[in-house]
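Letters A, B, ... mirror the listed sequences (proteins, then strands); counts begin at 1. Keep in mind it's a predicted model, so treat the numbers as computed, not measured.
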Protein chains: 2
Amino acid sequence: MTDGITAPGPIRHEVLAAVLRVRQGSLQVLLWERAREPHAHRWSLPGGALGVGEGVEASIRRQLAEKVDLGQVSHVEQLAVFSAPDRMPGDRVIASAFLCLVPEHLDPEVPADTGWHPVESPPDTAFDHGAIVLRARDRLRAKLSYTNIGFALAPPEFTISALREIYSGALGHRVSATNLQRVLSRRGLLEPTGRTTKPGRSGGRPAAEFRFAQDSVAVTDAFAVLRPPAAPR
Amino acid sequence: MTDGITAPGPIRHEVLAAVLRVRQGSLQVLLWERAREPHAHRWSLPGGALGVGEGVEASIRRQLAEKVDLGQVSHVEQLAVFSAPDRMPGDRVIASAFLCLVPEHLDPEVPADTGWHPVESPPDTAFDHGAIVLRARDRLRAKLSYTNIGFALAPPEFTISALREIYSGALGHRVSATNLQRVLSRRGLLEPTGRTTKPGRSGGRPAAEFRFAQDSVAVTDAFAVLRPPAAPR
DNA sequence: ACAAAAGTGTTCGTTGTACACCCATGC
DNA sequence: GCATGGGTGTACAACGAACACTTTTGT
């Protein structure tokens, strides 16, 4: 059982991040072009080997800090372990994959060989990284619906139509500003800053500015069904 | 093997399973009493070292088959990676944790030093295994609400009140048979077998028998909110 | 006849969507 | 004034919870 753990071969452990952001209404992922074999010139996720005294989340945060300023990553969460024996040629490598988010207003410096690519039509990906990106995308989409995770994609302050653009890009379909407003307000996720933004040259009513009430992820709509019976009163 | 203090060797990888079932309306987890140090006499999750040519899911299935007949495990899913450097004394060990379910009608043979314990009041647990059990419990509870995962806890055929007992035990609160029926039927998860069960000695109307329409896990209630706009017709 | 258990019908509140309408600004 | 974009009000349908009521059995 847990006694007698032996690792007969050199199993290595790496951490990988699917770093997502929304720009111009489209969901993008940060990819890095491999220079060397295997899979040279294919695009892969940022990450690397796990350090000895390091937990997986600390490791991915550290490794991202070497490319993206850590403060610019607004959310980090475990996605899954990818462990197929043949997922990489050569040595056995197990990957802990993460979903990371960058807010829309930030533009972290990234090395020359890395760039942002649309999640819906990514370039040739290395190893199983394409599957990881899809998992990240699906996880984000699901969580937009029942958590406040939108805060991690949005700038600190925003108008509803700017937020609509972000949600729309992340979800991959049109979102109504009216209903987005209502849903998020009803759940108490939004609070007005009190200020408004000036309309553009084409006129229009000035838009009210909002911010997210909380800046850490929380489940806002647990148990749609089969919830505990109401307390008698 | 070398369970004592050793020089910082290679990072090892283990797989652990929180195997859950419902019995007599209470959610139970399979735990094993450690014979040796560290954490002797504390209770730990079944699992063990990852084999060389083995993916993590294959590994946990194999290791469970050594204790529980594999056919009796009705569902296996990844929970998370536990990787805190000090999660176990001695060597560095990273754990991939799984949620596994056993249906109510099966009673797999387990070794003498393992047993089923109530999730709500578990005995002293070893290492971080207590936290893993809680994660498993929460994941199960959440998924009961938006997937058909109940099939993995229920026998192949059942009455609504038997199913109510199972859901109630797993969720930890009273569930109304009326509404459970309605919710699961509306989603198309239940189909009648056509047969009924005889009432007990105290009388009562015979209960109709049902089965789950699908025996693999599927999301049945995706996107409570922010769903794509209705297709025009 | 009565109790017990199962199942159905109905009401209610809440939620989310759709859509019409009003508001504030630039030109 | 009028176009434009922002915001609110309202109608509607779907869903789930609660509960009353009916159905079918055993004693």
For this session: Tell me whether the OP1 or OP2 atom of dT8(C) has a side-chain N or O from Q181(B) closer than 4.0 Å.
Result: yes

For this session: Take N179(A) and S202(A), find for each the nucleotide of DNA chain D with the closest heavy atom, and name the residue whose nucleotide sits nearer the 5' end.
Result: S202(A)

For this session: Using atom CG of L180(B) as one end and atom P of dT8(C) as the other, report the distance to the nearest whole Å.
Result: 14 Å

For this session: Taking only the side-chain heavy atoms of I160(B) (C-beta and beyond), determine which of dG7(D), dG7(C), dG26(D) contains the nearest atom.
Result: dG7(C)

Exercise. To the nearest 10 degrees, how far apart in direction are the end axes of the helix from dA1(C)-dT27(D) to dC27(C)-dG1(D), each fit to five base pairs?
Worked result: 20°

For residues 153-169 of chain B, please give each side-chain donor-acceptor pair under 3.5 Å, one per line with the distance, not counting sequence neighbours.
from: E157(B); atom 1: OE1; to: R195(B); atom 2: NH2; distance (Å): 2.6
from: E157(B); atom 1: OE2; to: R195(B); atom 2: NH2; distance (Å): 3.2
from: T159(B); atom 1: OG1; to: S161(B); atom 2: OG; distance (Å): 3.4
from: T159(B); atom 1: OG1; to: A162(B); atom 2: N; distance (Å): 3.2
from: S168(B); atom 1: OG; to: H173(B); atom 2: O; distance (Å): 3.1

Exercise. Nearest to the side chain of V225(A) - dT25(D), dG16(D), dG16(C)?
Worked result: dG16(D)

For this session: Kindly indicate, with the supporting measurements, whether the criterion side chain to side chain donor-acceptor pair (under 3.5 Å) is fulfilled by Q28(B) and R23(B).
Result: CA-CA 7 Å; Q28(B) 302 179 328; R23(B) 276 302 171 91; 5.9 Å; no

For this session: Classify the nucleic acid contact of A208(B) as base, sugar-phosphate or nothing, counting any heavy atom under 4.0 Å across all strands shown.
Result: sugar-phosphate

Exercise. How close or far is atom P of dT15(C) from atom CG of L226(B), stated in whole angstroms?
Worked result: 15 Å

Exercise. NA contact type, T178(B), heavy-atom cut-off 4.0 Å: base, sugar-phosphate, or nothing?
Worked result: base

Exercise. For dA17(D), does either OP1 or OP2 sit under 4.0 Å from a side-chain N or O belonging to R182(B)?
Worked result: no

Exercise. What's the CZ-P distance between R195(B) and dA6(C), to the nearest Å?
Worked result: 17 Å

Seminar exercise, completed: Taken to the nearest whole Å, OH/Y146(A) to P/dG16(C) is 15 Å

Problem set entry | Electrostatic pair R61(A):E66(A) at N-O distance under 4.0 angstrom | no

Problem set entry | Distance below 4.0 Å between R174(B) side-chain N/O and dA17(D) OP1 or OP2 | no

Exercise. Under a 4.0 Å N-O cut-off, is there an ion pair linking R42(B) with E33(B)?
Worked result: no

For this session: Verify the ring-centre separation between W43(B) and H129(B): is it less than 6.0 angstrom?
Result: no

Exercise. Got a salt bridge between R137(A) and E120(A), using NZ or NE/NH1/NH2 to carboxylate O under 4.0 Å?
Worked result: yes

Seminar exercise, completed: By nearest-nucleotide position on DNA chain C, the 5'-leaning member of V183(A) and P206(A) is V183(A)

Exercise. dG7(C) C1' sits how many Å from L184(B) CG, rounded?
Worked result: 15 Å

Exercise. What about R205(B): does its side chain form a donor-acceptor pair under 3.5 Å with the base of dT23(D)?
Worked result: yes

Exercise. Phosphate oxygens OP1/OP2 of dA17(D): is one of them under 4.0 Å from a side-chain N or O of S176(B)?
Worked result: no

Exercise. Can R135(A) and D128(A) be counted as an ion pair, charged N to O under 4.0 angstrom?
Worked result: no

Exercise. If you find the nucleotide of DNA chain C closest to R201(A) and the one closest to R186(A), which residue's nucleotide is nearer the 5' end?
Worked result: R186(A)

For this session: Could you check how far NE2 of H173(A) sits from C1' of dG16(C), rounded to whole Å?
Result: 12 Å

For this session: Just call it for R187(A): base, sugar-phosphate, or nothing, with non-hydrogen atoms closer than 4.0 Å on any strand.
Result: sugar-phosphate

For this session: For H75(B) and A152(B), work out which heavy atoms get closest and say how close.
Result: CB-CB, 3.7 Å

For this session: Starting from C1' on dG7(C), measure out to CZ on F158(B) and report it in whole angstrom.
Result: 16 Å

For this session: Send over the distance from K198(A) NZ to dG6(D) C1', rounded to a whole Å.
Result: 17 Å

Exercise. Using a cut-off of 4.0 Å on non-hydrogen atoms, how would the nucleic acid contact of R227(A) be classed: base, sugar-phosphate, or nothing?
Worked result: sugar-phosphate

